Engineer: 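Here it is: the structure, laid out below.
All values reported here derive from a predicted model rather than from experimental measurement. Residue indices begin at 1 and follow the sequence shown. What you see below is based on every heavy atom in this structure, not just the backbone, and it leaves out hydrogens, waters and symmetry mates.
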Amino acid sequence: MPTERFYHLPEEKKQLIREAAIKEFCRVPLEKASINKIVRNAKISRGSFYTYFQDKEDVLEYIFEDVILQLQSICKEVLVKSGGDLWELPPNLLEHTIELCQRNRLFALTQSVNGGHTLISILDKKVCAAPCCPVFQEDDDGRCQAKTTQTKQEVIQDRMQLFLKELYVLTDTSRLKISSFQEFRTVFSTCAMILVGAIGEIYQKKDDIGAVKEMFNKRLDYLKYGVVK
């Protein structure tokens with residue numbers, strides 16, 4: 001991920017660097033991308049680039065993780081504004097996801113040769129290399145003992161668990177037939193799968209977004225109201 005120095009840059013400067021990187025990554029596969037072209041288009045020096053990022057893989061990771069963080073923030077905002085109405089979340093999130101993908105040219109970015117495989121490889125490498133976080137588990141006598149290492153899967157699960165718990169607190173569960181966080185997580189995960197499916201269909205059928213949205217809403221209705229007469 002970027003250094004603290006990058007995050008202290010003015011937003012306009014960060015956006016210029018982000019756009020220059022996306023332009024280059026859309027032009028050629030990652031392994032052929034030129035840092036010189038990125039810095040030239042971003043109007044920064046090569047030396048400055050390396051005070052912001054470790055390498056071009058670091059920039060690509062930042063682009064996608066920045067979008068994910070924006071979507072997570074949107075989830076919280078929608079729940080707050082709707083008074084905790086979970087069903088306001090999926091359609092709003094779909095619209096924001098489409099807008100973010102188009103603004104950041106993510107559809108074009110993932111279409112670049114080996115783009116998807118490269119992204120998976122980068123994220124896998126970064127998560128595996130992430131510093132270990134102290135977590136706790138009970139020993140045989142019921143006492144909490146510090147656990148010094150986490151597997152890649154545990155890191156991912158912990159981060160997602162924290163995010164979902166934040167959404168659970170913001171959700172008005174009196175409107176839902178659920179009585180626990182586990183049940184909420186099941187409902188949210190089902191909504192997320194419907195959303196991911198819709199984004200995948202839009203990626204494949206860019207000229208028929210209206211039809212994809214119509215089917216997306218129908219699937220949500222099936223989930224919300226059921227299909228049994």
Side-chain angles (χ1 to χ4, degrees), residues 1-2 7 11 14-15 18 22 60-107 109-110 116 119-120 122-124 126-127 130 133 135 150 152-204 209-210 212-226:
M1 289 299 291
Y7 286 113
E11 186 56 40
K14 288 188 287 186
Q15 181 65 20
R18 188 161 51 232
I22 290 173
L60 183 59
E61 179 197 3
Y62 161 70
I63 292 169
F64 279 91
E65 289 200 1
D66 182 61
V67 170
I68 292 171
L69 290 175
Q70 289 184 63
L71 291 175
Q72 290 181 341
S73 178
I74 288 167
C75 285
K76 298 173 187 177
E77 290 176 8
V78 170
L79 286 176
V80 170
K81 289 181 180 179
S82 66
D85 187 354
L86 182 65
W87 299 111
E88 286 291 318
L89 188 54
N92 276 279
L93 195 54
L94 177 63
E95 293 295 337
H96 281 94
T97 301
I98 294 172
E99 193 274 329
L100 282 173
C101 286
Q102 292 174 338
R103 187 201 315 162
N104 292 281
R105 300 179 65 190
L106 295 190
F107 291 136
L109 188 56
T110 53
L119 177 62
I120 292 173
I122 290 171
L123 294 180
D124 183 67
K126 296 293 185 180
V127 172
C133 305
V135 293
Q150 285 184 286
K152 176 185 68 174
Q153 192 63 27
E154 286 174 332
V155 171
I156 295 172
Q157 288 175 348
D158 284 352
R159 291 174 180 173
M160 180 55 67
Q161 188 88 339
L162 178 60
F163 168 64
L164 290 178
K165 285 184 176 179
E166 290 175 336
L167 295 189
Y168 181 58
V169 170
L170 294 172
T171 299
D172 181 0
T173 56
S174 67
R175 305 182 188 186
L176 305 172
K177 294 180 179 178
I178 65 172
S179 58
S180 69
F181 169 69
Q182 298 301 328
E183 292 177 352
F184 169 81
R185 187 171 63 178
T186 298
V187 174
F188 181 86
S189 297
T190 305
C191 290
M193 285 189 288
I194 294 174
L195 175 66
V196 170
I199 294 299
E201 291 170 359
I202 291 172
Y203 171 74
Q204 296 174 338
I209 294 180
V212 172
K213 288 182 178 179
E214 183 178 350
M215 180 54 67
F216 171 78
N217 290 325
K218 185 174 291 187
R219 288 166 179 158
L220 284 180
D221 283 346
Y222 289 155
L223 176 61
K224 186 176 181 179
Y225 303 110

Engineer: Quick one: pull up CD1 in Ile194 and OH in Tyr222 and give me the separation to the nearest 0.5 Å.
Structural biologist: 11.0 Å
Engineer: If the test is side chain to side chain contact (heavy atoms under 4.5 Å, CB included), which one of Met160, Gln161, Lys165 qualifies with Arg185?
Structural biologist: Gln161
Engineer: Identify the two heavy atoms, one from Cys75 and one from Leu167, that lie closest to each other, and give their separation to 0.1 Å.
Structural biologist: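 It is CB-CD2, 3.9 Å.
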Engineer: Starting at CZ of Phe188, measure out to OG1 of Thr190 and round the result to the nearest 0.5 Å.
Structural biologist: 10.5 Å
Engineer: For side-chain contact (heavy atoms from CB on, under 4.5 Å), just list the numbers for Tyr168 and Leu79, CA-CA rounded to whole Å, side-chain angles, deciding distance to a tenth of an Å, and then say yes or no.
Structural biologist: CA-CA 10 Å; Tyr168 181 58; Leu79 286 176; over 6 Å; no
Engineer: In terms of heavy-atom contacts, does CD of Glu214 have more than 12 from other residues, nucleotides or ligands at under 6.0 Å?
Structural biologist: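 Check fails, neighbour count at 12 or below.
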Engineer: Assess whether atom OH of Tyr7 is packed by more than 12 heavy atoms of other residues, nucleotides or ligands within 6.0 Å.
Structural biologist: yes
Engineer: Taking the side chain as every heavy atom from C-beta outward, state whether Val187 and Leu176 have any atom pair closer than 4.5 Å.
Structural biologist: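 Not touching, per the 4.5 Å side-chain cut-off.
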Engineer: Is there a side-chain contact between Ile22 and Arg18 in this structure, where contact means two heavy atoms from C-beta onward sitting under 4.5 Å apart?
Structural biologist: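 Ile22 reaches Arg18 side chain to side chain.
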Engineer: Would you name the heavy atoms of Phe184 and Leu164 that are closest together and state the gap between them?
Structural biologist: CE2-O, 3.6 Å
Engineer: When you measure from the side chain of Glu65 to the backbone N and O of Glu61, does any donor-acceptor pair fall under 3.5 Å?
Structural biologist: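 No, Glu65 side chain to Glu61 backbone: no donor-acceptor pair under 3.5 Å.
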Engineer: Does any non-hydrogen side-chain atom of Cys191 lie less than 4.5 Å from one of Trp87?
Structural biologist: yes
Engineer: Name every donor-acceptor pair, under 3.5 Å, that has one atom in a side chain of residues 88-99 and the other anywhere in the protein, sequence neighbours excluded.
Structural biologist:
from: Asn92; atom 1: ND2; to: Glu88; atom 2: O; distance (Å): 2.6
from: Glu95; atom 1: OE1; to: Lys213; atom 2: NZ; distance (Å): 3.3
from: Glu95; atom 1: OE2; to: Lys213; atom 2: NZ; distance (Å): 2.9
from: His96; atom 1: ND1; to: Asn92; atom 2: O; distance (Å): 2.8
from: Thr97; atom 1: OG1; to: Leu93; atom 2: O; distance (Å): 2.6
from: Glu99; atom 1: OE1; to: Arg103; atom 2: NH2; distance (Å): 2.6
from: Glu99; atom 1: OE2; to: Arg103; atom 2: NE; distance (Å): 3.0
from: Glu99; atom 1: OE2; to: Arg103; atom 2: NH2; distance (Å): 3.1

Engineer: Assess whether a salt bridge exists between Glu201 and Arg219, defined as any Lys/Arg side-chain N lying under 4.0 Å from an Asp/Glu carboxylate O.
Structural biologist: yes
